[in-house]
Amino acid sequence: DIAKTIATFCGIGEHFNMPIVLDTDDNIEGVRPYNPGYQGYHPGSEPLLWGKLVPTKVDAITVTTDNLKELHKKDCKDVFVLPNSLDVEWRSQFKAKPHPGKIHMAFLGSAAHYENLKLIERPVVEILKKHPNVVFHTMAMYGNSLWSGLPKEIDERIVRVAWSQLRQWPKTIAEIGIDIGLAPAADNLFNRAKSNLRYLEYSMNKTAVIASPVEAYKCIKHGKTGLFAREEWDWFEAMDKLILDEKLRKRLGENSYKDVIKNYNMKKNAHLWVDTLDKIVRKYKKEKGEKKFFNIT
């Protein structure tokens, strides 16, 4: 989101008479102070100034959620929702490690989730106190800012997961063998624009999911493909319920896996991208003519 980049792309579009499409997955106007991205996207910042200009200068916008579509309808008349999908066939090669007698819970995600994780900090500690057979995985990047100063017996059951490259991430998630995946999200403008990717990644491994009842996770059917939890006590009760009820854990995991296979499989959904881009190009040609070609000799 810098002036030079915008000028370059818009200039290419004008020069060759071809549509420019913006693909965006975040509400940059709502970045929270706890998010590392706030260093760039804060009120009065230059990236935010240019970032808000970009959607008004392109020919079409593709987004991942209905919330983002509503946000950008004021900027561009052609906004299309292309939902997150997983490469199911490729991810299926990664298998979980068995851990008999133990139940593994996890929150796995980027550095942007400090505010969200505060929702579950105390409930997770109380669960670890109550259930000695539970192991909790979270990201090492949070260091001493969360789940710190705990008794040794509890701290030993908190596993700090190292950062991994994007290509390795599905393997990292799968091999942990998560029984219960946590997806907390504070209800704010930034999170309302977020997508359901965390639910999809957990579900790909047949993991029972507990999530905040926010826009991103409206795809979850409570009691069928996952559980919702709002307050700290809700989170404790939901985790406790799944720890004690293996059949429920298995059922939720199986159901959410089927949901991914049916509705979020990239092999089935790839045509949405092709169809959408084709529609954008056809409309552009109809209104502004064919793409220009230049002989370079």
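Between His99 and His104, the two ring planes are parallel [angle under 30°; tilted spans 30° to 60°].
With a 4.5 Å cut-off on side-chain heavy atoms, Tyr284 and Asn17 count as touching. Residues Asn265 and Glu89 are not in side-chain contact: their nearest non-hydrogen atoms beyond the backbone lie 4.5 Å or more apart. Residues Val209 and Ser203 have side chains in contact (heavy-atom distance under 4.5 Å, counting atoms from C-beta outward). Side-chain contact between Ile210 and Ile180 is present, with at least one heavy-atom pair separated by less than 4.5 Å. Put simply, the side chain of Val125 does not reach to within 4.5 Å of the side chain of Leu128, judged on heavy atoms. Proximity of Pro55 to Lys52: side-chain heavy atoms (C-beta onward) are nowhere separated by under 4.5 Å. A heavy-atom distance below 4.5 Å is not found between the side chains of Ile2 and Pro47. Residues Val135 and Met105 are not in side-chain contact: their nearest non-hydrogen atoms beyond the backbone lie 4.5 Å or more apart.
In this structure, Glu121 pairs ionically with Lys118, as a charged nitrogen and a carboxylate oxygen lie closer than 4.0 Å. Salt-bridge check for Arg282 with Asp278: passed, with a basic side-chain N closer than 4.0 Å to an acidic carboxylate O. Look at Asp26 and Lys194 and you find a salt bridge, because one of the NZ, NE, NH1 or NH2 atoms lies within 4.0 Å of a carboxylate O, short of that distance. Salt-bridge annotation for Asp179 and Lys206: absent, with no side-chain N of the basic residue lying under 4.0 Å from a carboxylate O of the acidic one.
The minimum heavy-atom distance linking Met139 with Ala162 is given by the pair CE-O, 4.2 Å. The two residues Ile280 and Phe80 come nearest to each other via the heavy atoms CG1-CE1, 3.7 Å. Closest heavy-atom contact between Cys76 and Ala60: SG-CA, 3.8 Å. Taking each heavy atom of Asn116 and Ala185 in turn, the nearest pair found is OD1-CA, 3.5 Å.
Judged by distance alone, with hydrogens and angles left aside, the side-chain atoms of Asn205 form a donor-acceptor pair with the main-chain N or O of Glu201 at under 3.5 Å. Checking side-chain atoms of His137 against main-chain N and O of Val159 turns up no donor-acceptor pair under 3.5 Å. Of the possible donor and acceptor atoms, one in the side chain of Asn191 sits under 3.5 Å from a partner among the backbone N and O of Ala186. Side chain of Arg198 to main chain of Leu108: a donor-acceptor pair is present (N/O by atom type, distance under 3.5 Å, no hydrogens or angles). In this structure, Lys74 contributes its side chain and Leu71 its backbone to a donor-acceptor pair below 3.5 Å. No donor-acceptor pair closer than 3.5 Å links the side chain of Arg249 to the backbone N or O of Ala208. Listed for the Ser256 side chain is a donor-acceptor partner under 3.5 Å among the backbone atoms of Gly253. Side chain of Arg157 to backbone of Val134: a donor-acceptor contact under 3.5 angstrom is found. Of the possible donor and acceptor atoms, one in the side chain of Tyr202 sits under 3.5 Å from a partner among the backbone N and O of Leu182.
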**Prompt:** Would Val88 and Ile261 satisfy side-chain contact (heavy atoms from CB on, under 4.5 Å), going step by step from the backbone distance to the final call?
**Reply:** CA-CA 7 Å; Val88 169; Ile261 299 301; 3.3 Å; yes

**Request:** Just do the salt bridge (Lys or Arg N to Asp or Glu O under 4.0 Å) check on Lys95 and Glu175 with the steps written out, would you?
**Result:** CA-CA 6 Å; Lys95 305 300 180 183; Glu175 290 188 346; over 6 Å; no

**Stepwise ring pair (Phe, Tyr, Trp, His ring centres under 6.0 Å) test for Phe136 and Phe107** = CA-CA 8 Å; Phe136 177 63; Phe107 169 87; 8.3 Å; no

**Request:** Go through the steps for Asp75 and His72 under the test side-chain contact (heavy atoms from CB on, under 4.5 Å), then give the verdict.
**Result:** CA-CA 5 Å; Asp75 303 317; His72 288 298; 3.0 Å; yes

**Worked verdict on Tyr142 versus Trp147 for ring pair (Phe, Tyr, Trp, His ring centres under 6.0 Å)** = CA-CA 9 Å; Tyr142 288 103; Trp147 293 290; 7.7 Å; no

**Request:** Dump the intermediate steps for salt bridge (Lys or Arg N to Asp or Glu O under 4.0 Å) on Glu215 and Arg192, then the final yes or no.
**Result:** CA-CA 5 Å; Glu215 185 76 12; Arg192 289 172 196 169; over 6 Å; no

**Request:** Run the numbers on Glu237 and Trp233 for side chain to side chain donor-acceptor pair (under 3.5 Å), then give the verdict.
**Result:** CA-CA 6 Å; Glu237 285 194 326; Trp233 183 251; 2.9 Å; yes

**Message:** I'd like to know whether Phe9 forms a side-chain contact (heavy atoms from CB on, under 4.5 Å) with Lys57, so could you lay out the CA-CA distance, the side-chain angles of the two residues, the decisive distance to 0.1 Å, and finally the verdict.
**Reply:** CA-CA 10 Å; Phe9 277 95; Lys57 299 299 181 182; over 6 Å; no

**Request:** Take Met266 and Leu86 through the side-chain contact (heavy atoms from CB on, under 4.5 Å) test and state the conclusion after the steps.
**Result:** CA-CA 5 Å; Met266 179 57 76; Leu86 301 185; 5.9 Å; no

**Request:** I would like to know whether Asp66 and Lys218 meet salt bridge (Lys or Arg N to Asp or Glu O under 4.0 Å); could you show each step before the answer?
**Result:** CA-CA 11 Å; Asp66 291 331; Lys218 66 181 183 180; 3.4 Å; yes

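A salt bridge (Lys or Arg N to Asp or Glu O under 4.0 Å) with Asp59 is found for exactly one of Lys279, Lys285, Lys283, Lys288, namely Lys288. Each of Ile61, Thr62, Thr24 was compared with Val79 under the side chain to side chain contact (heavy atoms under 4.5 Å, CB included) criterion, and only Ile61 meets it.
Judged purely by distance below 3.5 Å, without hydrogens or angles, the side chains of Glu46 and Trp50 pair a donor atom with an acceptor atom. Side-chain atoms of Thr225 and Asp259 include no donor-acceptor pair closer than 3.5 Å. Side-chain polar atoms of His131 and Asp240 form a donor-acceptor pair below 3.5 angstrom. Side-chain contact, Thr64 with Ser195: no donor N or O sits under 3.5 Å from an acceptor N or O. Under 3.5 Å, the side chains of Asn84 and Asn196 contain no donor-acceptor pair of N or O atoms. Using modelled atom types, one finds no donor on one side chain facing an acceptor on the other under 3.5 Å when comparing Trp235 with Glu231.
Cluster annotation: Leu68 is not connected to Leu272 through the hydrophobic network of ILVMFWY side chains, with a link wherever side-chain heavy atoms come within less than 4.5 Å.
Atom OH of Tyr38 has more than 12 neighbouring heavy atoms from other residues, nucleotides or ligands inside a 6.0 Å radius. Residue Lys73 qualifies as open at atom NZ: its count of foreign heavy atoms under 6.0 Å is 12 or below. The local environment of CZ in Arg160 is crowded, with over 12 non-hydrogen atoms from other residues, nucleotides or ligands closer than 6.0 Å. Residue Glu29 places its CD atom among more than 12 non-hydrogen atoms of other residues, nucleotides or ligands, all under 6.0 Å distant. Atom CD of Glu287 is surrounded by more than 12 heavy atoms from other residues, nucleotides or ligands within 6.0 Å. Surrounding CD of Gln93 are more than 12 heavy atoms belonging to other residues, nucleotides or ligands, all under 6.0 Å away.
Interatomic distance, CG of Leu242 versus OG1 of Thr207, reported as 11.0 Å (0.5 Å rounding).
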